[in-house]
Amino acid sequence: MQRRNFIELSAVTALFLMTGCGSSDSGSSTPAPTPTTPATLTLKTGDPLNIPTLLDPTADAITGVKSYNLTIQESSHSFYNEVKTQTYGINGSLLGPTLLLKDGDKVDITYQNNLKEDTTIHGHGMHLPASMDGGPHQKIVAGSSLKATYTVNQKACTNWYHPHLMGKTAEHVYKGLAGMIILEDSESQALALPKTYGVDDIPLVVQDRIFDDNGELSYNPTNRDIMRGYRGDIFIVNGQVNPIFDAKTGLLRLRLLNGSNAGVYDFSFSDGRGFSQIAGDNSFLSSPISLAKVRLSPGERAEIVVDLSGDSNSTIKLNVTETIDARSATILSINVGNTASAVQNLPSTLTGTLDVVDESLSAKTRLFTLEGTGGGNPILTINNKEMDIDRIDERVPVNQTEVWEVTNTMNATHNFHIHASHFRVLDRNGLASAVAENEKGYKDTVIIPPNEKVRILIKMTDYTDTTLPYMYHCHFLEHEDAGMMGQFTVE
Ligand code: C2O
Ligand code: CU
Ligand code: CU
């Protein structure tokens with residue numbers, strides 16, 4: 001046994017402990033917003049799962065630089081059988097293609113903004129110079145283009161890209177702008193994991209939406225919605241409602257991204273089967289963690305592997321429960337055929353190269369307090385300050401290990417996302433044992449339940465720039481847009 005089973009059990013226990021906190025949200029004591037699903041329209045369901053295109057770069061023969069072109073555009077997308085919905089998309093009608101990048105790759109991404117308004121595209125989880133980060137300072141003006149040029153310098157993981165314009169992030173993501181970035185390194189390439197994109201390695205961008213009576217995406221948060229976060233009653237995956245994926249028997253890897261504005265999702269299978277989480281936001285976990293459900297707050301990722309070896313000729317359903325409004329849905333039906341997939345067994349070790357978590361290396365503790373007041377004019381702050389694009393809040397010395405202590409003073413769930421570098425979760429409310437096993441890899445976004453304090457260990461390793469800042473913020477997009485964001489430089 002026994003060690004392994006013991007570890008698995010404690011991981012499940014830790015996750016259940018975390019789960020308890022979510023229900024004390026102030027949001028759940030008041031009724032959720034009325035569903036606005038149009039009565040006269042029927043959702044398109046049961047289509048084959050849309051797998052976002054793997055974007056093909058052109059490679060320069062001399063420099064080796066791989067060039068990618070992303071065009072941000074107005075479009076329309078079929079959520080309903082009767083009507084098309086106006087959307088924003090990237091190289092398509094909704095969401096964008098997947099970028100597959102390898103550690104060491106030199107890339108040159110051109111973003112062409114064909115919208116009638118400015119936007120930005122940020123690489124969430126990417127370790128980049130501030131000038132290439134795609135945050136609020138790297139505006140892509142309507143009708144023009146912008147390049148991001150960089151060398152990939154980080155571990156294999158699942159990242160994503162999305163707009164980050166001041167005050168407009170929530171609306172731009174809601175209308176359809178987001179896509180996945182899959183990062184590989186020599187470690188991931190050597191592992192015997194399912195890794196054939198679209199066959200046994202599947203990207204799943206999960207979101208929730210509200211549609212108006214005409215089947216249009218309505219983004220009209222009230223002041224109360226801004227405080228609570230804007231959540232809908234229709235769950236979509238890769239832009240579809242309960243599509244079907246045809247799988248083989250054996251192991252199936254799912255890259256789960258919570259791409260919602262403000263939903264906190266628990267993912268599980270309808271028959272309650274266990275699965276293994278192999279990676280979190282920015283790295284593999286040291287070894288697979290067995291779970292029956294995995295919780296992701298907005299912006300977080302989990303790579304999971306489910307064993308379908310005994311399921312030939314049957315259907316397995318992937319379900320999501322949004323934990324604040326307590327809504328559940330099947331988001332994906334997996335039809336298992338009777339041919340065997342390439343990988344039948346999971347490696348017991350995934351990575352041996354994660355930095356050791358050593359708090360004694362910390363030279364400084366920075367305090368961040370998440371606060372807010374509702375009413376007529378919702379104000380959401382960090383350290384009692386609303387985001388100001390002209391103010392640098394923190395100046396962080398390069399190569400200095402620090403503890404960042406983030407306290408949620410509100411009776412509502414938030415999370416905390418930091419650009420530029422990954423971090424490690426040290427403790428929750430002072431308890432190292434309250435950190436779940438699946439939070440122990442490299443992270444860039446961490447959930448903070450009501451009235452909880454999370455301490456993380458972080459080090460900015462390069463890309464100094466005394467003028468151009470990175471962001472830290474709550475990734476509930478209404479909160480971010482309403483001011484719960486700050487700026488730091490690496491110096
Ligand atoms: Cu996913 Cu600052 O963002
Ligand atoms: Cu980010
Ligand atoms: Cu928040």
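Ligands are counted one by one from 1 in listed order, and the atoms in each one are counted from 1 as well. Count residues from 1 along the sequence.
- Under a 4.0 Å N-O distance rule, the pair Arg424/Glu439 does not qualify as a salt bridge.
- Of all N, O or S atoms in His124, the one lying closest to atom 1 (Cu) of ligand 1 is ND1.
- Using modelled atom types, one finds no donor on one side chain facing an acceptor on the other under 3.5 Å when comparing Gln240 with Asn242.
- Taking 2.8 Å as the threshold, His162 counts as a candidate ligand of atom 1 (Cu) of ligand 1, since one of its N, O or S atoms lies below it.
- Comment: Arg231 does not engage Asp208 in a salt bridge, judged by the lack of any side-chain N to carboxylate O separation of less than 4.0 angstrom.
- If you look at Phe423 and Tyr442, their ring centroids are not closer than 6.0 Å.
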TODO: Go through Lys443 and Glu300 one step at a time and tell me if the salt bridge (charged side-chain N to carboxylate O under 4.0 Å, His left out) criterion holds.
DONE: CA-CA 8 Å; Lys443 296 276 296 164; Glu300 287 185 291; 2.6 Å; yes

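- Around the Cu ion (ligand 2), protein N, O or S atoms at less than 2.8 Å comprise His122 NE2, His417 NE2.
- A salt bridge is absent between Glu184 and Lys102: the closest approach of a Lys/Arg side-chain nitrogen to an acidic carboxylate oxygen does not fall below 4.0 angstrom.
- Rounding to 10 degrees, one finds that atom 2 (Cu) of ligand 1 sits at the corner of an angle of 100° between His473 NE2 and His164 NE2.
- A salt bridge is absent between Glu402 and Lys364: the closest approach of a Lys/Arg side-chain nitrogen to an acidic carboxylate oxygen does not fall below 4.0 angstrom.
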